[in-house]
Amino acid sequence: MRIATWNINSVRARADRAVAWLESSGTDVLALQETKCKDEQFPHAVFEAAGYEVAHVGRSQWNGVAVVSRVGIEDVEVAFADQPGFGEDGPVVEARALGATCGGVRVWSLYVPHGRSPDHPHYAYKLAWLEQLRRNAEGWLEADPAAQLALLGDWNVIPYDSDVYDVTAFEGHTHVTQPERDAFFAFADAGFTEVSRVHVPEEGRYTYWDYQQLAFPKNKGLRIDFAYTSPALTDRVTGVSIDREARKGKGASDHVPVVVDLED
DNA sequence: ATGGCCTAGTTGCTAGGA
């Protein structure tokens with residue numbers, strides 16, 4: 001089975017591109033982030049015509065996450081327990097996490113809050129969000145140590161200095177602060193393995209390139225999209241790839257898919 | 001090659017992204 005994660009940066013603008021990629025890559029389950037639409041606006045028909053079922057949560061033009069699958073979708077959750085919210089007029093739970101069981105694997109599509117700047121309330125929200133997700137993940141493993149869990153998504157954290165083209169460009173910014181990195185690595189402490197690092201250990205293998213200033217041709221990117229797997233699922237992983245071909249051409253998302261292969 | 005921001009809504013500017 002082949003599973004993947006991709007921040008699509010508007011599913012309405014790129015539904016055809018996403019389905020073409022699903023078919024050409026032979027992907028069975030895809031976690032999408034930043035669909036940027038409400039549920040009723042999601043282009044279901046485009047995916048269904050290709051044989052994929054869709055579970056989506058989107059409440060506005062912002063955020064939005066989905067799981068699409070051709071091996072079934074069961075037990076959909078549109079948030080994790082006690083998922084922190086954000087808002088000027090009181091916290092509102094955003095469409096940033098969706099869980100679904102596909103082909104026996106519990107897949108979570110995750111869009112971690114950006115943080116905006118280290119002194120912005122969004123930054124505290126980001127840390128709280130990651131901590132509460134990690135508590136849930138620990139609980140899922142505690143309840144079933146043999147659970148096959150995949151935490152897939154745009155983590156909005158640059159774990160190592162080598163995961164950015166020039167770390168000095170991020171001084172004073174989010175993504176590289178120690179609390180964010182600690183929150184990211186806490187999932188490893190909880191028993192999960194970030195399998196893209198295992199199979200794609202080389203530096204300069206980014207998953208995101210800004211649209212501006214020829215960032216992609218110059219390979220001035222960030223590595224911020226990751227796949228954490230539980231021990232039982234890690235045992236099944238045969239390979240991981242980052243499909244930078246998907247960044248090419250007019251109309252590309254600024255992120256590319258991270259693909260995880262599992263033995264049957 | 002891969003090419004000098006993009007998307008959607010409150011549209012002709014603004015917010016958000018990283």
Side-chain angles (χ1 to χ4, degrees), chain A residues 5-18 20-21 24 32-43 56 58-66 85-89 92 94-96 109-127 129-130 153-177 179-181 183-184 204-226 241-258:
Chain A
T5 181
W6 194 3
N7 180 321
I8 196 69
N9 186 8
S10 174
V11 73
R12 283 180 287 176
R14 276 177 266 284
D16 291 338
R17 204 180 172 102
W21 183 85
S24 65
L32 291 168
Q33 298 87 39
E34 281 209 87
T35 58
K36 290 185 172 174
C37 67
K38 299 176 183 176
D39 289 338
E40 60 267 28
Q41 298 172 308
F42 192 99
H56 174 257
R59 304 186 179 103
S60 70
Q61 81 220 68
W62 306 118
N63 315 305
V65 287
F86 184 77
E88 306 288 324
D89 309 314
V92 175
E94 298 178 308
R96 293 180 177 274
S109 180
L110 304 167
Y111 179 44
V112 176
H114 174 283
R116 299 188 188 161
S117 72
D119 60 355
H120 194 283
H122 210 259
Y123 177 81
Y125 167 51
K126 179 180 193 174
L127 294 180
W129 200 95
L130 280 167
D154 175 357
W155 291 74
N156 268 322
V157 176
I158 297 169
Y160 299 102
D161 288 355
S162 55
D163 291 331
V164 50
Y165 62 94
D166 177 9
V167 75
T168 65
F170 273 72
E171 277 176 23
H173 291 251
T174 59
H175 292 60
V176 297
T177 69
E180 288 167 277
R181 288 176 167 178
F184 178 80
R205 300 297 299 275
Y206 305 127
T207 64
Y208 163 91
W209 299 261
D210 198 287
Y211 286 121
Q212 301 183 58
Q213 297 174 314
L214 290 171
F216 182 55
K218 294 177 178 172
N219 199 30
K220 291 177 72 171
L222 312 178
R223 186 165 181 166
I224 53 176
D225 299 271
F226 297 104
S241 61
I242 299 170
D243 184 9
R244 82 188 293 287
E245 292 295 311
R247 185 64 178 80
K248 297 179 181 180
K250 187 175 166 61
S253 170
D254 43 7
H255 294 250
V256 295
V258 177

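Residue numbers start from 1 in every chain, and the chains themselves are labelled A, B, ... in the order their sequence lines are given, proteins ahead of strands. Since the structure is predicted, the reported quantities are computational estimates derived from the model, not experimental observations.
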Practice task
Classify the nucleic acid contact of A/E245 as base, sugar-phosphate or nothing, counting any heavy atom under 4.0 Å across all strands shown.
Solution key: nothing
Fill in the blank from the handout: By side chain to side chain donor-acceptor pair (under 3.5 Å), A/W62 pairs with (sequence neighbours left out) none
Problem - Distance between P atoms of B/dC6 and B/dT10 (Å, rounded) - result: 23 Å
Problem - Under 4.0 angstrom between A/R116 side-chain N/O and B/dG17 OP1 or OP2 - result: yes
Exercise for the section: Report which part of the nucleic acid A/Y208 touches: base, sugar-phosphate, or nothing (heavy-atom distance under 4.0 Å, all strands). Expected result: sugar-phosphate
Problem - Integer-rounded Å distance: B/dA18 C1' and A/R181 CZ - result: 14 Å
Practice task
Could you measure between the two C1' atoms, the one in B/dA18 and the one in B/dC5, and give it in whole Å?
Solution key: 12 Å
Exercise for the section: May I have the distance from A/E94 (atom CD) to B/dA15 (atom C1'), rounded to whole angstrom? Expected result: 14 Å
Exercise for the section: May I ask you to say what A/D254 touches in the nucleic acid, namely base, sugar-phosphate or nothing, with a heavy-atom cut-off under 4.0 Å? Expected result: nothing
Exercise for the section: Would you indicate what A/G115 reaches in the nucleic acid, counting non-hydrogen atoms under 4.0 angstrom: base, sugar-phosphate, or nothing? Expected result: nothing
Exercise for the section: Using whole Å, report how far CG of A/N7 lies from P of B/dG17. Expected result: 11 Å
Problem - Residues A/D210, A/K218: salt bridge by 4.0 Å N-O rule - result: no
Practice task
Assign A/D154 to base, sugar-phosphate, or nothing according to its heavy-atom contacts below 4.0 angstrom with the strands shown.
Solution key: sugar-phosphate
Practice task
Select base, sugar-phosphate, or nothing to describe what A/Y111 touches, counting heavy atoms under 4.0 Å on all strands.
Solution key: sugar-phosphate
Exercise for the section: Round to the nearest Å and state the distance from A/N219 atom CG to B/dG3 atom C1'. Expected result: 14 Å
Handout entry: Nucleotide B/dA18, atom P - distance to NE2 of A/H120 in whole Å
Key = 14 Å
Handout entry: Rounded distance in Å between the C1' positions of B/dG4 and B/dA8
Key = 23 Å
Handout entry: Same-atom distance (P) from B/dG17 to B/dG12, integer angstrom
Key = 22 Å
Fill in the blank from the handout: Comparing A/K248 with A/H114, nearest DNA chain B nucleotide closer to 5' gives the residue A/K248
Fill in the blank from the handout: Contact string for nucleotides 5-11 of chain B, one letter per nucleotide 5' to 3', B = base within protein heavy-atom range under 4.0 Å, S = sugar-phosphate only, - = neither, reads BSSSSB-
Exercise for the section: Measure from NZ on A/K250 to C1' on B/dG4 and round the result to the nearest Å. Expected result: 14 Å
Fill in the blank from the handout: Residues passing the side chain to side chain contact (heavy atoms under 4.5 Å, CB included) test with A/H120, sequence neighbours excluded, are A/F86, A/R116, A/S117, A/H122
Practice task
Measure from the side chain of A/L222, starting at C-beta and using heavy atoms only, and say which of B/dG17, B/dA18, B/dT2 lies closest.
Solution key: B/dA18
Handout entry: A/Y206 side-chain N/O to B/dA18 phosphate OP1/OP2 under 4.0 Å
Key = no
Exercise for the section: Please round to the nearest 0.5 Å and tell me the distance separating atom CG of A/D163 and atom CZ of A/F226. Expected result: 5.0 Å
Problem - Which residues share a side chain to side chain donor-acceptor pair (under 3.5 Å) with A/R205, sequence neighbours left out - result: A/E202
Fill in the blank from the handout: A/K126 NZ to B/dG16 C1', in whole Å, measures 14 Å
Problem - Salt bridge A/R96-A/E94, side-chain N to carboxylate O under 4.0 Å - result: yes
Fill in the blank from the handout: By side chain to side chain donor-acceptor pair (under 3.5 Å), A/K36 pairs with (sequence neighbours left out) A/N9
Exercise for the section: Starting from P on B/dG17, measure out to CG on A/D225 and report it in whole angstrom. Expected result: 15 Å
Practice task
With sequence neighbours left out, write down each residue that passes side chain to side chain donor-acceptor pair (under 3.5 Å) with A/H175, or none if nothing qualifies.
Solution key: A/N156
Handout entry: Distance test, side-chain N/O of A/H255 to OP1/OP2 of B/dA18, below 4.0 Å
Key = yes
